[in-house]
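After the C-alpha cells below, expect a handful of questions from me.
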Amino acid sequence: MVEIIKEHIPGNPRTNGIGKPTRLTVHMTGNTGRGANARAHSSLQKRGGMPKSSWNATVDDKVAIENYPNGAKTWHAGRAAGNNTSYALEICVNSDGDYERAIQNAIEFIVVKLRELNLTPDDVVQHNFWSGKNCPQQLRENYRGISWSDFLGRIRDLYNGHTSPA
C-alpha cells in the first residue's frame with residue numbers, strides 16, 4: 001500500500017474551508033522533468049511557487065504527500081464549482097519515475113481517500129470534467145496502455161475488494 005505522508009501547510013491564504021468534498025479530482029502534473037516527483041511538488045507548494053494554483057495531494061512512484069487536508073479549498077479545477085467541492089490529487093509523470101507504479105499508488109491513495117470522505121468511485125472525476133482542459137492528459141490519451149476507463153476500473157475493483165494492492 002502506498003505510504004501517505006501528511007505535511008499540511010498551515011495558514012495558507014490561497015485556501016479556506018470547503019467542508020466535506022463531494023468529488024475527488026484527478027490531475028497529472030504535466031512535468032516530465034527528472035526529479036519532478038511528489039517531494040518536489042510538495043516543496044513547490046510549501047514555498048508558494050504556484051501562487052495561482054494549489055492541490056491537496058501529490059502521488060508518485062514512491063509516496064503520496066498531502067499538503068492540504070480533506071476540507072481545504074484548493075485552486076485546481078479551473079472553475080469555482082470544482083475548487084469549491086473537490087479534493088485535488090496530482091499524479092507525477094517525471095521521466096525518472098516509474099509511471100505504472102505511480103498510477104498504482106494513485107489508485108491505492110484514491111481508495112483510501114474515498115473511504116475517508118465517504119465517497120465512491122463514481123465521485124472520481126478528471127480535471128477535464130470541470131474545465132475541459134486535457135487533464136489528466138496521459139490517462140486521457142491511453143499512455144502506456146492505461147486509459148481513464150482502465151484507471152477507474154482498477155479503482156472500482158480495489159474499492160470493492162476484488163483485487164489487492166500491487
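Only heavy atoms go into these numbers, but all of them, side chains included; no hydrogens, no water, no symmetry mates.
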- prompt: Do Ile5 and Ile9 share a hydrophobic cluster (ILVMFWY, side-chain heavy atoms under 4.5 Å, transitive)?
  reply: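 No, no single cluster joins them.
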
Lys/Arg N to Asp/Glu carboxylate O, Lys62 vs Glu3, below 4.0 Å: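 No.
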
task: Answer yes or no: is there a side-chain heavy-atom contact under 4.5 Å between Asn128 and Lys133?
output: no

Heavy-atom closest pair, residues Ala36 and Ala40: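 Closest heavy-atom pair between Ala36 and Ala40: CA-CB, 4.2 Å.
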
message: Does this structure show an ion pair linking Glu108 with Arg101, if we count only N-O contacts that are shorter than 4.0 Å?
response: yes

- prompt: Does a donor on one side chain and an acceptor on the other come within less than 3.5 Å for Asn94 and Arg34?
  reply: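 Short answer, no.
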
query: Which heavy atom in Val2 sits nearest to a heavy atom in Phe109, and how many Å separate them?
result: CG1-N, 3.8 Å

message: Can you give me the closest heavy-atom contact between Tyr87 and Tyr68, atom names plus distance?
response: CE1-O, 4.2 Å

field: For Ser86 against Thr25, the heavy-atom pair lying closest together
entry: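 Taking every non-hydrogen atom into account, OG-OG1, 2.9 Å.
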
message: Restricting to non-hydrogen atoms, name the atom on Ala38 and the atom on Cys92 that form the minimum distance, rounded to 0.1 Å.
response: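 For Ala38 versus Cys92, the nearest heavy atoms are N-SG, 3.4 Å.
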
Hphob cluster co-occupancy, Ile146 + Tyr143, side-chain heavy atoms under 4.5 angstrom: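 Ile146 and Tyr143: one cluster.
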
field: Partner residues of Ser147 under the side chain to side chain contact (heavy atoms under 4.5 Å, CB included) criterion, sequence neighbours left out
entry: Asn142, Ser149, Asp150

- prompt: Residues two or more places apart in sequence or in another chain: which of them pass ring-ring contact (aromatic ring centres under 6.0 Å, His included) with Trp130?
  reply: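 So Trp130 forms no ring-ring contact (aromatic ring centres under 6.0 Å, His included) with any residue.
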
message: Are the side chains of His41 and Thr29 in contact, using a 4.5 Å heavy-atom criterion?
response: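 Yes, side chains in contact.
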
message: So, taking the atom named CD1 in Ile91 and the one named CD1 in Ile110, what distance separates them when rounded to the nearest 0.5 Å?
response: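 The CD1 atom of Ile91 sits 5.5 Å away from the CD1 atom of Ile110.
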
query: If Ile, Leu, Val, Met, Phe, Trp and Tyr residues are connected whenever their side-chain heavy atoms lie under 4.5 Å apart, and connections chain through other members, are Tyr99 and Ile65 in the same group?
result: no

- prompt: Do the side chains of Met28 and Leu139 get nearer than 4.5 Å, heavy atoms only?
  reply: yes

task: Could you pull out all residues at least two apart from Asp122 that satisfy side chain to side chain contact (heavy atoms under 4.5 Å, CB included)?
output: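 Per chain and number, Asp122 pairs via side chain to side chain contact (heavy atoms under 4.5 Å, CB included) with Thr120, Arg156.
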
task: Check the side chains of Lys113 and Asn70 for a donor-acceptor pair under 3.5 angstrom, ignoring hydrogens and angles.
output: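 Yes, because at least one side-chain N or O of Asn70 sits under 3.5 Å from a partner of the opposite role on Lys113.
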
message: Using side-chain heavy atoms (C-beta onward) and a distance below 4.5 Å, is Leu114 in contact with Tyr159?
response: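 Leu114 reaches Tyr159 side chain to side chain.
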
- request: Report yes if the side chains of Glu7 and Glu66 come closer than 4.5 Å at any heavy-atom pair, otherwise no.
  value: no

task: Answer yes or no: is there a side-chain heavy-atom contact under 4.5 Å between Val124 and Leu152?
output: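 In short, these two side chains touch, coming nearer than 4.5 Å.
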
- prompt: Taking Thr85 for the side chain and Pro21 for the main chain, is one N or O donor matched with an acceptor at less than 3.5 Å?
  reply: no

Donor-acceptor pair, side chain of Asp60 and main chain of Asn37, under 3.5 angstrom: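 A pair under 3.5 Å: no.
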
query: Is the His76-His27 ring centre distance short of 6.0 angstrom?
result: yes

- request: Check whether any side-chain heavy atom of Met50 lies under 4.5 Å from a side-chain heavy atom of Gln45, and answer yes or no.
  value: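 Side chain of Met50 against side chain of Gln45, heavy atoms only: no contact under 4.5 Å found.
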
Closest contact, heavy atoms only, Ala77 versus Ser131: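 Answer, listing the atom of Ala77 first, then Ser131: O-CB, 3.3 Å.
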
field: Sole residue of Arg140, Gln126, His127 in side chain to side chain donor-acceptor pair (under 3.5 Å) with Asn134
entry: Arg140

task: Please lay out, stage by stage, how Val59 and Glu90 fare under the test side-chain contact (heavy atoms from CB on, under 4.5 Å).
output: CA-CA 6 Å; Val59 66; Glu90 290 276 357; over 6 Å; no

